[in-house]
Amino acid sequence: MPKALVIVESPAKAKTIKRYLGSDYSVEASVGHIRDIIQPKNVKTDKRYNPATHENNSELRSYGIDVAGQSTSENTWEPWYVVSENSKKTITHLRKALKNTELLYLATDEDREGEAIAWHLVEVLKPKIPYYRMVFHEITEKAILEALNHTREIDMDLVAAQEARRIMDRMSGFGWSGVMRQVIGGGASGGPVQSPTTRRLVERERERIRFISADYHSLTASVFSEQDEMFPTKLVEVNGRKVVSGKNDFDENGELKRSSEVVILDQEQASSLQEALKTETLTVSSIERSPYQRKPKPPFTTSTFQQEVINKLGGSASAAMGIAQSLYQNGFITYHRTDSTALSDQAVEAARVSIQTVCGIEYLPEKPRTYENKTASAQLAHEAIRPAGEVFRHPDELKGDLNKDQLRVYEIIWKRTIASQMTDERGETARMLLGGIVSHENNSEPQAVTFSASGRVITHQGFRYIYEETTESDEESEGEGVLPDLPEGEVVTIGQIEVKNHSTKPPARFTESSIVKWMEEVGIGRPSTFSATIGKIRAREYAYKEGRSLVPTVKGIVGTNFLELEFNDEVQYHNRADLERSLDQIANGNEQRTEMLDRWWFEK
DNA sequence: CAGTGAGCGAGCTTCCGCTTGACTT
């Protein structure tokens with residue numbers, strides 16, 4: 001008979017931990033949250049309901065939260081919790097497991113939600129045996145055994161912070177949904193995550209509608225050195241004024257930003273320069289070479305994982321998560337809902353071994369790399385997403401075990417993890433300036449022109465040996481070639497001259513990839529909800545997908561307009577980040593949950 | 001007297017975040 005019961009959140013995690021702990025322990029899963037705030041429609045039939053005291057309690061009837069509570073002096077903000085329908089079986093199962101043990105370990109994730117789950121488990125199971133809070137941030141034998149020896153009590157401040165978060169989400173969510181239904185009708189909804197996200201799509205659409213395009217021309221010339229080395233150059237200045245070269249030179253009205261310092265080439269000017277340049281030469285005026293280094297990207301969080309899979313393989317955020325789920329449950333990768341870029345010591349070691357065998361010793365830095373998490377809202381309960389185990393299995397070994405999509409996703413995770421521990425890419429960039437004087441056939445003044453050429457030489461590939469991140473921006477990559485080593489003053493002849501017409505494009509619509517990136521940056525949503533939120537926005541018809549783009553609908557636009565009118569401050573993006581700071585104050589014990597909620601609800 | 005309209009109340013839905021399967025299109 002097992003001596004202790006360990007409860008974690010995920011069944012797959014339970015299975016792994018069971019292997020480390022042996023027969024003295026039984027390991028079970030809560031399968032996520034087990035209770036939630038009651039649905040308002042069920043309040044009247046709940047056994048806690050008493051018409052005499054609750055009849056006129058409007059917050060309780062509308063939100064399932066008894067704000068005033070029994071106290072006459074101050075608000076107690078008591079949510080009425082009920083066991084979720086899906087969790088009833090789990091609870092029965094856990095009760096049974098609890099009967100046969102002497103100790104209980106609550107090993108839910110060490111973050112705000114995990115702490116709350118641990119507390120809810122105690123509230124529901126009411127254990128008669130000693131129970132301990134046990135935490136770990138990686139599923140390795142060492143980490144688990146250490147965690148067993150360093151238990152603590154449930155952190156009630158952290159639980160209070162979670163409860164405040166839940167209460168605010170319920171009240172603002174149902175509140176905004178009321179407005180959305182008045183405007184749009186049906187099952188329309190609004191909320192502190194879906195509405196700002198929808199609003200971002202709408203704002204981008206407004207920018208696109210407002211956008212005024214501008215035209216300009218570019219002039220490029222291939223030139224030849226005395227040794228007959230050919231390389232491409234680009235016209236950058238005429239008479240000391242910079243030639244307009246892209247959207248950054250224009251404002252959103254299509255007007256030049258610094259019209260006194262720059263010059264637009266129109267068709268006529270470009271052609272006349274083209275004609276006149278045919279008989280001219282250019283002189284090298286300067287050449288600058290400077291070394292550069294590029295660091296690899298950190299290993300995957302949920303957000304960066306979704307972005308990369310969408311950019312490299314196509315598909316949606318939820319499709320990427322579905323594949324990750326199957327890889328996780330079958331033990332190929334670590335947990336896929338995480339906001340941490342940290343790797344366990346064991347994982348770093350595995351990556352370093354892989355680098356040596358797959359890439360070679362010259363790609364192995366002396367010391368392992370560590371990455372700082374940059375998002376303020378990160379909870380850091382897990383590792384980064386990486387291949388599971390003490391030794392990373394090469395994708396080729398898994399061809400028989402995985403289907404095509406799983407294999408491609410595994411390979412991306414494997415490469416990204418290994419690359420994150422590899423050496424920097426190193427090389428040298430070069431920029432050459434060439435000057436000339438152009439005389440025109442008609443009697444107009446001669447013009448001074450400056451051309452530029454750039455090049456890049458990679459001396460050590462580093463992490464790029466194995467991994468290249470794909471970005472959405474379609475900026476033309478130029479100057480990848482080698483620039484000849486010409487002395488200042490060398491004269492070059494001009495070969496082919498090309499004039500191209502360009503017009504500036506409005507900012508692109510968001511894709512699933514770029515909106516997930518934005519959500520993480522501003523701290524809206526969590527790893528478990530990024531893809532669900534996009535799904536919700538589409539299901540409510542606030543936006544639809546056209547190719548990869550997310551296009552807001554009339555419903556989305558009208559709804560956003562009304563929310564901006566009714567709840568302007570709350571739909572501001574920074575609101576969620578501000579809220580996060582308030583929750584930290586509660587979690588750190590610097591403020592009472594009830595004080596913060598009073599201020600939030602009654603002083604607005 | 002029949003038809004109309006104001007006013008009221010009941011019932012339904014909605015939030016975010018944590019987990020998987022069991023469902024349907």
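Values below: all heavy atoms of this structure, side chains included; hydrogens, waters and symmetry mates excluded. Labels below follow one simple rule: chain letters A, B, ... track the order of the sequence lines, proteins then strands, and each chain is numbered from 1.
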Problem - Contiguous pairing runs of three or more, Watson-Crick or G-U under 3.5 Å, that involve DNA chain B - result: none
Handout entry: Base-contact (B) and sugar-phosphate-only (S) positions in nucleotides 19-25 of chain B, heavy-atom cut-off under 4.0 Å, - elsewhere
Key = BSS----
Problem - Summary of protein contacts for nucleotides 8-14 of chain B, nucleotide by nucleotide, where a base hit scores B, a sugar-phosphate-only hit scores S (4.0 Å, heavy atoms) - result: -----BB
Completion exercise
Tightest non-hydrogen contact, residues Ile586(A) and Arg593(A), listed as CD1-CA, 3.9 Å
Problem - Whether His336(A) and Tyr328(A) hold their rings parallel, tilted or perpendicular, with breakpoints at 30° and 60° - result: tilted
Handout entry: Heavy-atom side-chain contact between Pro40(A) and Phe174(A) under 4.5 Å
Key = yes
Exercise for the section: Whole angstrom is fine here: how far is it from CG in Asp111(A) over to C1' in dC18(B)? Expected result: 9 Å
Handout entry: d(CD, Glu163(A); C1', dC18(B)) in whole Å
Key = 16 Å
Completion exercise
In terms of heavy-atom contacts, Pro552(A) and Ile557(A) come closest through CB-CG1, 4.3 Å
Practice task
Examine distances only and state if a side-chain atom of Glu383(A) and a backbone atom of Ser344(A) form a donor-acceptor pair shorter than 3.5 Å.
Solution key: yes
Exercise for the section: Classify the angle between the aromatic ring planes of Tyr105(A) and Tyr25(A) as parallel (below 30°), tilted (30 to 60°) or perpendicular (above 60°). Expected result: tilted
Problem - Trp414(A)-Phe392(A) aromatic ring centre distance below 6.0 Å - result: no
Exercise for the section: Rounded to the nearest angstrom, tell me the gap between atom CZ in Arg112(A) and atom C1' in dC16(B). Expected result: 11 Å
Exercise for the section: Would you kindly give the CZ-to-C1' distance between Phe567(A) and dC15(B), to the nearest whole Å? Expected result: 13 Å
Exercise for the section: For the residue pair Thr108(A) and Val8(A), establish whether any side-chain heavy-atom pair is separated by less than 4.5 Å. Expected result: no
Practice task
Report which part of the nucleic acid Arg166(A) touches: base, sugar-phosphate, or nothing (heavy-atom distance under 4.0 Å, all strands).
Solution key: base
Handout entry: Spacing of Leu158(A) atom CG relative to dG17(B) atom P, expressed in whole Å
Key = 15 Å
Exercise for the section: Give the rounded distance in Å between these two atoms: CZ of Arg170(A) and P of dC15(B). Expected result: 10 Å
Problem - Check: Arg165(A) side chain, dC16(B) base, donor-acceptor under 3.5 Å - result: yes
Practice task
Ignoring backbone atoms, establish whether Thr529(A) has a side-chain N or O less than 4.0 Å from OP1 or OP2 of dC16(B).
Solution key: no
Practice task
With Lys13(A) as the cation and Tyr335(A) as the aromatic partner, state whether NZ or CZ is under 6.0 Å from the six-membered ring centre and within 45° of the axis.
Solution key: yes
Practice task
Grab the CG-P distance between Asp169(A) and dG17(B) for me, whole Å please.
Solution key: 6 Å
Practice task
Please report the shortest heavy-atom distance between Asp111(A) and Leu158(A), naming the atom on each side.
Solution key: O-CD2, 4.1 Å
Fill in the blank from the handout: side-chain contact (heavy atoms from CB on, under 4.5 Å) test vs Val6(A) passes for just one of Leu103(A), Leu21(A), Ile144(A), Leu106(A), namely Leu21(A)
Completion exercise
From CG of Leu583(A) across to P of dG17(B) the rounded distance in Å is 11 Å
